[in-house]
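Structure first, then comments.
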Amino acid sequence: MYNFQQYRHIQAPGWSLGWTWAEKELIWNMIGSQTTEQGDCSRFKGNIPHCCKKDPTVVDLLPGTPYNQQVANCCKGGVLNSWGQDPANAASSFQLSVGAAGTTNKTVRVPRNFTLKTPGPGYTCGPTKVSKPSTFFSQDGRRVTQAMMTWNVICTYSQFLDQKAPTCCVSLSSFYNDTIVPCPTCTCGCQNNSTQPGNCVDPNPPYLPSIFSSPAKNSYAPLVKCTSHMCPIRIHWHVKLNSKEYWQVQVTITNFNYRMNYTQWNLVVQHPNFDNLTQFFGFNYKPLTPYASINDTAMLWGIKFYNDVLMQAGPLGLGNVQLELLFRKDKSTFTFEKGWAFPRRIYFNGDNCGMPPPDAYPYLPKTSSR
């Protein structure tokens, strides 16, 4: 499995891959993964297959699996990093021995109805397509062998299928206006203590300490601080400094989720001045230029072992990461009027974040002191 997405990871609890066998195939054994259910193997005596289900579901093995059960690129707990950020860890592999199948490329039947869950329903898989057989090189690189048969399945992601509401939001501020524009109310949900008590946590005692003293039933279910926006992640864009030739922005990412660290987080920001980005502090930067003549989108992520983990919210405060960007002014386009200095769109870990309405952006004062 290859995650060719530029900035969307498959995060814990990881992927699960399913399909339907064309005939009466079964799985004798697996290396690098396992099925979630064995199914009915009662017709076998002695040597029992690994899985007899018509529609198996496969999950990755966890780190620390014994070496004799591993293959290359396995055993990461189903976590796949994005291709643009960490291509070395954007693939996952496993092997399985199939029984009751054909023995030639004319009798082998292609599986169908592939599904990919992560664990939500955001991915939709297309039909299975027979492609050119894969080739494999020997260790000395002097001999090439060929697979008997190869097929490919392409799965695409939709945030609308996966989530009913955003998972992040954006707030804005600037040095030239005292107004701090907050995330829109109910961006990711609303506080509803009458019908859904406990959907957020009051950060004041005695509520917060009880969260950390009692084990969570599902550590991957978000438990957020009670806010007006109810988002696990907030990105704050602050126009910090202005000089004759340059202007500077500070970006703060805040984690309101009490149950989750965001490892290898990333931001994708769209702003017309990225073609004049001069310097950046405290993170990695990569331009995303699907149209070669337009450089208005940037991918930002943390430095390994420094700030690549956005820590969970806790009793001592909220986890946060700060970034600084210095832009050179292009006199033909630069202005502080009409919200030009603020981003057009922001994604966190591939999710489109809720933005304030344009008429709420901080505006330039009509007059200023001499």
Mind telling me whether Trp19 and Trp21 have parallel, tilted or perpendicular rings, with 30° and 60° as the class edges? perpendicular

Are the aromatic rings of Phe336 and Phe175 close, with centres under 6.0 Å apart? yes

Does Lys117 have more than 12 heavy atoms from other residues, nucleotides or ligands lying within 6.0 Å of its NZ? no

Hey, does Asp60 have a side-chain heavy atom less than 4.5 Å from the side chain of Trp15? yes

Test of understanding: with disulfide bond (SG atoms under 2.5 Å apart), list the residues that count as partners of Cys155, not counting sequence neighbours. Cys125

Answer whether the closest heavy-atom distance between the side chains of Trp83 and Tyr2 falls below 4.5 Å. yes

Compare the SG-SG distance of Cys188 and Cys169 against 2.5 Å and report whether it is shorter. no

If you apply the rule side-chain contact (heavy atoms from CB on, under 4.5 Å), what do you find for Gln322 with Gln250, and how did you get there? CA-CA 7 Å; Gln322 288 190 338; Gln250 183 182 68; 3.6 Å; yes

Same apolar cluster: Val79 and Leu61, side chain cutoff 4.5 Å: no

Please name the pair of heavy atoms, one in Ala341 and one in Trp237, separated by the smallest distance, quoted to 0.1 Å. O-NE1, 3.1 Å

For atom CD1 of Ile154, is the number of surrounding heavy atoms from other residues, nucleotides or ligands below 6.0 Å larger than 12? no

Got more than 12 heavy atoms from elsewhere within 6.0 Å of OH, Tyr157? yes

Phe44 and Trp28: aromatic ring centres closer than 6.0 Å? yes

Indicate yes or no for a side-chain donor-acceptor contact from Lys76 to the backbone of Gly14 under 3.5 Å, with no hydrogens or angles considered. no

For Lys129, enumerate each residue passing the side chain to side chain contact (heavy atoms under 4.5 Å, CB included) test, keeping only those at least two apart in sequence or located in another chain. Pro127

Give the cluster check for Val239 versus Leu323: same hydrophobic cluster or not, with ILVMFWY residues linked at side-chain heavy-atom distances below 4.5 Å. yes

How about Cys168 and Cys353: are their SG atoms under 2.5 Å apart? yes

Same apolar cluster: Leu300 and Phe327, side chain cutoff 4.5 Å: yes

Is there a donor-acceptor pair under 3.5 Å between the side chain of Gln95 and the backbone N or O of Val71? no

Quick one: does Asn3's side chain have a donor or acceptor within less than 3.5 Å of a partner on Ala90's backbone? no

